[in-house]
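Fair warning: this is a prediction, and the values are worked out from it, not measured in the lab. In listed order, ligands and their atoms are each counted from 1.
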Amino acid sequence: MHAVHKIALGLLAAAAVATASDVVQLKKDTFDEFVKTNDIVLAEFFAPWCGHCKALAPEYEEAATSLKEKDIRLAKVDCTEEQDLCQQHGVEGYPTLKVFRGLDNVTPYKGQRKAAAITSYMIKQSLPAVSLLTKDTLEDFKKADKVVIVAYFDASDKASNETFSKVAEKLRDNYPFGASNDAALAEAEGVTAPAIVLYKEFDEGKSVFTDKFDVEAIEKFTKTAATPLIGEVGPETYSDYMSAGIPLAYIFAETPEERKELSDAIKPIAEAHRGAINFATIDAKAFGAHANNLNLKADKFPAFAIQETVKNQKFPFDQEKEITHDAIKAFVDDFVSGKVEPSIKSEPIPETQEGPVIVVVAKNYNDIVLDDTKDVLIEFYAPWCGHCKALAPKYEELAALYGKSEFKDKVVIAKVDATANDIPDEVQGFPTIKLYPAGAKNEAVTYSGSRTVDDLIKFIAENGKYKASVSEDDEEPSAAPAATETKASEAAKETHDEL
Ligand SMILES: *[C@@H]1O[C@H](CO)[C@@H](O)[C@H](O)[C@H]1NC(C)=O
């Protein structure tokens, strides 16, 4: 009796929560209207079975409630029910989050999936790209974030205003941008208009830009000045470092004291290479596994490595050597002058290929994948990835079909463990499947269809040089858009976080 009562109460409470939701569920016939009638909408495209979607749900609800009063609306679309709508919006994995300002201005949501992060990101999105500042609002604005950027120019200086606004539109997800046309205020800040001051909570506190206003120059200034001389690699900063366009030097150490001590020793080297190489510490206790990605052993710290982020090459510093100013200076100098060879991680080349699926490793990647006489379909997988395991039998079947067909010498079905081999492809999630067509190896096509044998055959036939189609024995039902797993998703499963 008592238990039944409890359950009933629980159900009531659940029902109350469900009806009180501030997240609006949209369908094909309500989506457009909703987006058009609200200035700014964050939409989540999800599938009920998706674990990350379930984890996001309570955070999303909480953000929806706190954003409602600011007229920022949160919506969701169940892609298992609304396949057309999701396809129309280019949804490839779950959850996909997009910011809509009407139907024509759509940008991917780039924040973290926590209530506070969603709220703060969406508030930034709802503000004008450039806030107009006065002497009464400047001080508060300076404290709005770790880095804020303020331009000072004359009210009549339309060119500077326009150039600055363009930069702000581009980088609005990253920093708050403000502008003032008060000459006295500029003077009080120690600059003469037109000028830009980047205020920061670290290093020297601020950096000043006084060159001619030019979008590229301001962007470059912003990126360099906003990056701490020796920053910290973590989940919030990692993607910025990876997209910075310059190499990243990592200082791995297990304690804050050790990180500080090594930073102090390396600071002059970082200063000498400012704007050319980023330097950052990384907590080896939390993110030690990342050392593996740099071809360092993940059980010997402190350690140092440079990653060339554009070509994704790794330059680990010998872990048997001590990390001192002089040793690192010599290593960095050698790196800059091209004297350090990148380290290539590879599994051994298999002596024989056992199954129908050809096993690719870093050392035979070029020979197999870039063989110009063959259409090569390659799957990039990770051993821990569940979607990859689910695909495996179908992938084998696909390879077997081609292996016994007239195309057996023209079409290769291959796979590579992307966690154990350095590969030139940038792979965002697992599995990623690409076709490298014969005669057009720099025009690889990424597969985005459902992972069925039938659809994979169609893909090879449509995109390969040999238009190789084979017939399948059994019929398979077609599936919804396929989900991928990212490295980040693994963080939840392991005690050590991954970046
Ligand atoms: C920049 O131009 C916009 C549009 O004309 C104007 O509203 C704004 O006040 C200008 N900014 C400054 C700092 O004068």
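Using a 4.0 Å cut-off between charged nitrogen and carboxylate oxygen, Arg451 and Glu379 do not count as a salt-bridge pair. Salt-bridge formation is not detected for the pair Glu59/Arg113: no Lys NZ or Arg NE/NH1/NH2 atom is positioned less than 4.0 Å from an Asp or Glu carboxylate oxygen.
In this structure, the ring of Phe335 has its center no less than 6.0 angstrom from the ring center of His273. When ring centroids are compared, Phe209 and Phe164 stay outside the 6.0 Å threshold.
Residues with a heavy atom under 4.0 Å from ligand 1: Leu132, Phe153, Asn161, Ala179, Ser180, Asn181.
The residue from Tyr60, Phe100, Tyr121, Phe45 that alone fulfils the ring-ring contact (aromatic ring centres under 6.0 Å, His included) condition with Tyr109 is Tyr121.
Looking at residues two or more places apart in sequence or on another chain, you find a side chain to side chain contact (heavy atoms under 4.5 Å, CB included) between Ala303 and Phe252, Leu296, Phe301, Gln319.
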